[in-house]
There are 2 protein chains.
Amino acid sequence: MSADRQSWKDIRDRIRDQILDRTYAPGDKLPRDADIAEQFGCARTTVQRAMQDLSDTGLIERKRKGGTHVRANPVTRATLDIPITRLEVEETGAVYGYQLIDRKVLPTPREVAAKFEQVEPNSMLRVQALHLADHKPHILEDRWVSIETAPEILDVDLARESANEWLVRNKPYTRFDLRIYAISADAETARMLATEPGSALLVLERTTWIGTDPITSVRSITIPGYQLLTKS
Amino acid sequence: MSADRQSWKDIRDRIRDQILDRTYAPGDKLPRDADIAEQFGCARTTVQRAMQDLSDTGLIERKRKGGTHVRANPVTRATLDIPITRLEVEETGAVYGYQLIDRKVLPTPREVAAKFEQVEPNSMLRVQALHLADHKPHILEDRWVSIETAPEILDVDLARESANEWLVRNKPYTRFDLRIYAISADAETARMLATEPGSALLVLERTTWIGTDPITSVRSITIPGYQLLTKS
DNA sequence: CAGTGGTCTAGACCACAGC
DNA sequence: CTGTGGTCTAGACCACTGT
């Protein structure tokens, strides 16, 4: 009956098993952490750690005073890693390439300003660029950068270094927003991505802030067949 | 000099600030947890908790013996919540509806078997269904369920309860795989989603296992304009 | 082999939310 | 007001991995 040293993952798995085998069914209340700790012969901190993990992955819900419940309507919670485009390309073994298409300071269009809630930058730098994999188009990037938050961007030679890389290394964000959808390629987009007009393309739209200051909003249009995968 | 009680979030923010202001630049090594704890006048456990969070969000990288480094190439790490389709629809205030299109036991096609690595089910239940929002098509679901892992599915009245809901409540998974991409609607798909052939559609493909046993693989085709958003 | 992050324990106090 | 989860502390040991 001597309790071996148990890791929080052991505890987590044992609790999860009890949920899977319906010892605790969806909607049921689980015992207090303290009682579970006693039952398993470990410290309450260890149970807390296990519960935190189950809560993070969406299997249970915890409330102070309310206790811990098995979620009645579990969600699928997935983590997406979006690397710098260059690294994403290089990881597949392909040769990365980059072309600046256009670079212009412009007044902020309304639809771009709208993405930055609250603070709306007056004029921004618009950068259009193409990322290549093995000399073929890979991602078409349409980016707006706040000149007020990142004035240094004006001095960067964007023909050599992509705004993507410069920003990620020099303007870390504290908050971001990601939106994923599909579009049908128009003639211009199709031409730049070397594909057919009407092709279905996956689009990633990201907006980033540092504190409440807007940094950048970018629309990345991928080539046909592009897939996003969840990490492990 | 009396150090006030500090929460791990305070510590996390202070460390993050030091990274943002370049006290520690990308690639730099941070001091050992113990030293940071001393510097901030808190327990090492608290620093550990703060570091764990920064590591989770992709800002730093930690290695035993190797120490803690600011990531040279930060990734954007986003969390996606994918709820049960009915709840997703109801949350927008729309009326949820559901139609079973077809239900058939079939030998597992090769492309479906391939999604379940290792264990490949022999015959599966194929369920095609349509989820409606305000009586209009919303998501078209093409699902394969393992009869070996979830034989009870054969007795479920799938005309009344969607396989989506039944599975989520009765066959929780321990592992899953998610893939997101865009397709162009073919004639049949367009007809069922009441849209034009050639429309760009976002597709979510999910495969789930319980342990190493395959449960289901589903392809959810969304209507034009559908968007995935990151949580908070 | 030794340094650094990862985890466990026991006990205490805090903070939020139901009662 | 009181119960329950959330966190902090101090100290100890473990486990991975670079040297």
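We name chains A, B, ... by the order of the sequence lines, and we start the count at 1 in each one.
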So does [X] pair up with [Y], basic N to acidic O under 4.0 Å?
X         : Y         : value
Arg44(B)  : Glu38(B)  : no
Arg14(A)  : Asp17(A)  : no
Arg219(B) : Glu141(B) : no

Using whole Å, what does the distance between atom [atom2] of nucleotide [N] and atom [atom1] of [X] come to?
X        : N       : atom1 : atom2 : result
Ile36(A) : dG3(D)  : CD1   : C1'   : 16 Å
Asp33(A) : dG11(C) : CG    : P     : 17 Å
Glu61(B) : dT17(D) : CD    : P     : 13 Å
Lys63(A) : dG6(D)  : NZ    : P     : 12 Å
His69(A) : dG3(D)  : NE2   : P     : 17 Å
Ile11(A) : dT9(C)  : CD1   : C1'   : 13 Å
Phe40(A) : dT9(C)  : CZ    : P     : 13 Å
Gln52(B) : dT7(D)  : CD    : P     : 11 Å

Within the structure, does a side-chain N or O atom of [X] lie under 4.0 Å from either OP1 or OP2 of [N]?
X        : N       : value
Gln48(A) : dG6(D)  : yes
Arg49(A) : dC8(C)  : no
Thr46(A) : dT9(C)  : yes
Arg32(B) : dT4(C)  : yes
Thr45(A) : dA10(C) : no

Measure from the side-chain heavy atoms of [X] and tell me the nearest of [options].
X        : options                 : result
Ala43(A) : dG5(D), dA10(C), dC8(D) : dA10(C)
Thr68(B) : dG5(C), dT7(D), dA17(C) : dG5(C)
Arg62(A) : dC8(D), dG6(D), dG6(C)  : dG6(D)
Lys65(B) : dA2(C), dG6(D), dG5(C)  : dA2(C)

Could you check whether Arg206(A) makes a cation-pi contact with Phe176(A), meaning its NZ or CZ is under 6.0 Å from the centre of the six-membered ring and within 45° of the ring axis?
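No cation-pi geometry.
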
Is it true that the side chains of Asn73(A) and Arg169(B) contain a donor and an acceptor less than 3.5 Å apart?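 Yes.
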
- Identify whether any heavy atom of Gly67(B) sits under 4.0 Å from a base atom; if not, whether one sits that close to sugar-phosphate; answer base, sugar-phosphate or nothing. sugar-phosphate

Pairing partner of dG3(D), by Watson-Crick or G-U wobble and under 3.5 Å for both distances, is dC16(C)

> Would you call the rings of His131(B) and Tyr98(B) parallel, tilted or perpendicular if under 30° counts as parallel and over 60° as perpendicular?
Replying inline: tilted

Margin query: Tell me if the side-chain of Arg64(A) makes a donor-acceptor pair with the base of dA17(C), cut-off 3.5 Å, by modelled atom types.
Written below: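 There is none.
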
| Donor-acceptor pair (no angle test) under 3.5 Å: Arg44(A) side chain, dG6(D) base | yes

